[in-house]
Amino acid sequence: MVQAITDKEFEKVTDSGVTLTDFWATWCGPCRMQSPAIEDLEQEMGDKVKFSKMDIDQNPATAQSFGIMSIPTLMIKKDGEVVDTIVGYHSKDQVKEVLAQYI
């Protein structure tokens with residue numbers, strides 16, 4: 001299960017290794033489409049990548065600090081540094097291909 005995180009937890013959860021954070025909101029249709037792909041990837045790649053999700057309505061500070069204007073936004077960090085950002089719905093295979101560059 002992909003871990004739901006808050007603004008307070010974001011830095012700690014994403015400070016080491018390869019991480020993917022899904023910035024989403026309950027009212028966002030494309031976000032609801034993206035979620036199953038992220039859940040599947042977590043099952044496949046959870047030993048190499050730490051997956052988390054953040055509801056931007058409940059936790060706006062992190063999204064604002066990174067200038068996230070559209071959702072879903074998938075932020076990939078490696079050892080605490082942002083290495084890639086994917087905006088909009090992307091298939092499981094597309095996201096997997098991007099993650100493969102960093103693991």
- Let me see the working for Val49 and Leu41 under side-chain contact (heavy atoms from CB on, under 4.5 Å), right down to the final yes or no. CA-CA 9 Å; Val49 179; Leu41 285 170; over 6 Å; no
- Task: Compare all side-chain heavy atoms of Gln34 with those of Leu74 and state whether any distance is below 4.5 angstrom.
- Result: yes
- Can you find a pair of side-chain heavy atoms, one from Asp22 and one from Ser52, that are under 4.5 Å apart? no
- Task: Write out all pairs satisfying disulfide (SG to SG under 2.5 Å) with one or both partners inside residues 5-103, taking only residues at least two apart or from two chains.
- Result: Cys28-Cys31
- Message: Side chains of Asp55 and Thr26, heavy atoms from C-beta outward: is any pair under 4.5 Å?
- Response: yes
- So CD of Glu42 and CE of Met1: to nearest 0.5 Å the spacing works out to 9.5 Å
Can I get a per-line list of side-chain donor-acceptor pairs under 3.5 Å for residues 95-103, giving both atom names and the distance, sequence neighbours left out?
| residue | atom | partner | partner atom | Å |
| --- | --- | --- | --- | --- |
| Lys96 | NZ | Glu44 | OE1 | 2.8 |
| Tyr102 | OH | Val83 | O | 3.3 |
| Tyr102 | OH | Asp84 | OD2 | 2.9 |

- Query: Under the 4.5 Å side-chain heavy-atom rule for ILVMFWY, direct or indirect, which residues accompany Ile56?
  - Reply: Ile5, Phe10, Val13, Phe23, Trp27, Met54, Phe66, Ile68, Ile71, Met75, Val82
- Task: Go through the side-chain N and O atoms of Lys77 and Thr14 and say whether any donor and acceptor fall under 3.5 Å apart.
- Result: yes
- Query: Between Leu20 and Ile38, is any pair of side-chain heavy atoms under 4.5 Å apart?
  - Reply: yes
- Query: Does the Asp7 side chain pair with the main chain of Thr62, one donor and one acceptor, at a distance under 3.5 Å?
  - Reply: yes
- Query: So, for Pro36 and Arg32, which heavy atoms are closest and what is the spacing to 0.1 Å?
  - Reply: CD-O, 3.2 Å
- Task: Identify the heavy atoms of Val87 and Ser70 that sit nearest to each other, and give their distance.
- Result: CG1-CB, 3.7 Å
- Do the side chains of Met45 and Ile76 join up, straight or via other hydrophobic residues, at under 4.5 Å, putting them in one cluster? yes
- Item | Asn59 and Thr6 side chains, donor-acceptor separation under 3.5 Å | no
- Evaluation steps, side-chain contact (heavy atoms from CB on, under 4.5 Å), between Thr73 and Ile86: CA-CA 6 Å; Thr73 290; Ile86 307 169; over 6 Å; no
- Counting distance only, does the side-chain N/O of Gln43 pair as donor-acceptor with the main-chain N or O of Asp40 below 3.5 Å? no
